[in-house]
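In the text below, chain A, chain B and the rest are named by the order of the sequence lines, each starting its count at 1. Only heavy atoms go into these numbers, but all of them, side chains included; no hydrogens, no water, no symmetry mates. Since we're looking at a predicted model, the values are computed, not measured.
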2 protein chains.
Amino acid sequence: MHKRRRTFVAGRDLVHQGQSDQAAYILASGWACSYKILRDGERQIVDFQIPGDFLGLRSVLLHTADHSIEPITDIEVCEVQASDLLGAFTRTPRLATAVLWAASRDEAMVVEHLVDIGRRHAAERMAHFLLELGARLSLVGLATKAGYTCPLTQYLLADALGLSAVHVNRVLRQLRETGLLTFRDGYVTFDDYDRLREFAGFDPVYLDHAGPLLR
Amino acid sequence: MHKRRRTFVAGRDLVHQGQSDQAAYILASGWACSYKILRDGERQIVDFQIPGDFLGLRSVLLHTADHSIEPITDIEVCEVQASDLLGAFTRTPRLATAVLWAASRDEAMVVEHLVDIGRRHAAERMAHFLLELGARLSLVGLATKAGYTCPLTQYLLADALGLSAVHVNRVLRQLRETGLLTFRDGYVTFDDYDRLREFAGFDPVYLDHAGPLLR
DNA sequence: AGCGGCGACTGATGTTGATCAGCCAAAGGC
DNA sequence: GCCTTTGGCTGATCAACATCAGTCGCCGCT
């Protein structure tokens, strides 16, 4: 499959809401986020993408981007042409199953964020979110049970969790003071992983470590 | 593909959170909902399914159900065996693309619900949700711009929108009193479709009427 | 006829998290 | 050296929505 390596700088949109006939990308290094903007200027971040994640798959399949993607840090990606991707499915059906699996995993994460925002209060929500991120990062060797480096600002967390930046700050303080987790100077530390897991009701089955090809 | 026709009664779960090696279903008649239960008994409904929708696709691909599915009315479904589905992909790669498209559309809807709950206030949220449902129903001939019959209770709406049942009631009253929409006796009436659309900021591009095979 | 259950509906009270308004430290531009 | 920007942090006030505690009408049961 034809893959072109490209780099993008932080802050400049990679995919823009409403664009059509978009390429897809695989994120090689750096962090990005996918989000939607509403009429009134409010922003909802749907998910953060970390190295190894697929970017813009939905834009390709639906022919038009229903969301934007912005690099949070400078990033490197491999570009995958839409036609190449769809063509490869006919030649390698197993690839189609694998991509379908990846899409399902993405959807499961979005569902979990929906539950976060709909039914967990701010502190649980934050804890659950940072635990999920940790679990995903540890799959690519970027986190341990102790913690991970994390380039997110409190504003980004607010837009992802449906909170105000002010409240994010208070919630982080609360989590720090109760000895559950510390987020400071770009580093997340799990001060008491088990109690934190219990507090957030975090159950990582939906991240499905197994992958599409086992069984 | 082997398809077995089955019926289920309202209220008895079709798929249960944590089950593995589940079959998938295509909903032939009736309504269902997919939801997650939290430790504390709170429930978040992720989406409602209407005739023509795929049920439990994610459970098949991830090998284990991360959510439950409950029929809201008595329903009829066609059962599709997991092995048949995955086998068919290798014989008919186009089918894989079609299913991938369907999965992307599902994900786009979940994303829209995330935006609903994260960044729209209760009345906008309700309006947007009922408009989306109307748009989906009209694709299968079950709704017009005037309205549609809708078996949902206020409790179900509350669990879907992340509100309390009490507040759902108040919001519905408000929408009725401002002449936007009326939900009464199992029927949703759009009293002023254009103003309602404007009010909710509803833009149905993500429902992608085109389908996977055009272009 | 009487009872129990369910869904719609309402007023009073309480809490969560938004908003406003501001401070401080670090980093970069000129 | 000064000015501006950015991100983290805080107290005071306020609105949205939850919770509690009911009422009412309808239906099916015995």
- Using the six-membered ring wherever Trp is involved, compare the ring planes of A:Y148 and A:W31 and label them parallel, tilted or perpendicular (cut-offs 30° and 60°). parallel
- When the distance from CZ of A:R184 to P of C:dA25 is rounded to whole Å, what number comes out? 14 Å
- Any sub-3.5 Å donor-acceptor pair from A:E70's side-chain atoms to A:L14's backbone N or O? no
- Message: Output the rounded distance in Å from NE2 (B:H167) to P (C:dT13).
- Response: 19 Å
- Assess whether ring-ring contact (aromatic ring centres under 6.0 Å, His included) is satisfied between A:F190 and A:F183, documenting all intermediate values. CA-CA 9 Å; A:F190 297 131; A:F183 185 4; over 10 Å; no
- Task: Report yes if the side chains of A:F8 and A:V77 come closer than 4.5 Å at any heavy-atom pair, otherwise no.
- Result: yes
- Note on the structure: Residues B:C150 and B:V188: closest non-hydrogen pair is CB-CG2, 3.9 Å
- Message: Without decimals, in angstroms, what is the distance between A:E42 CD and C:dA18 P?
- Response: 10 Å
- Query: Would you say B:R12 has more than 12 foreign heavy atoms packed within less than 6.0 Å of its CZ?
  - Reply: no
- Message: Side-chain N or O of A:R173 versus OP1/OP2 of D:dT10: is the shortest distance under 4.0 Å?
- Response: yes
- Message: Any non-hydrogen side-chain atom of A:D47 less than 4.5 Å from a side-chain atom of A:Q49?
- Response: yes
- Whole-Å gap separating P (D:dC9) and CD (A:E177): 11 Å
- Query: For DNA chain C, what residues of residues 114-128 of chain B have any heavy atom nearer than 4.0 Å?
  - Reply: none
- Take the C1' atoms of the five end pairs on each side of the helix from C:dA1-D:dT30 to C:dC30-D:dG1, derive the two axes, and give their angle rounded to 10 degrees. 30°
- Is B:R184 atom CZ crowded by more than 12 heavy atoms from other residues, nucleotides or ligands, each under 6.0 Å away? no
- Closest non-hydrogen atoms of B:H113 and B:V46, given as atom of the first, atom of the second and distance, are ND1-O, 3.0 Å
- Query: Residues from residues 153-166 of chain B sitting under 4.0 Å of DNA chain C, heavy atoms only?
  - Reply: B:T153, B:Q154, B:V166
- Message: Given A:L152, which partner from the list A:I72, A:I45, A:T73 fulfils the side chain to side chain contact (heavy atoms under 4.5 Å, CB included) test?
- Response: A:I72
- Query: Do you know the tightest heavy-atom contact between B:S68 and B:Q17?
  - Reply: OG-N, 3.0 Å
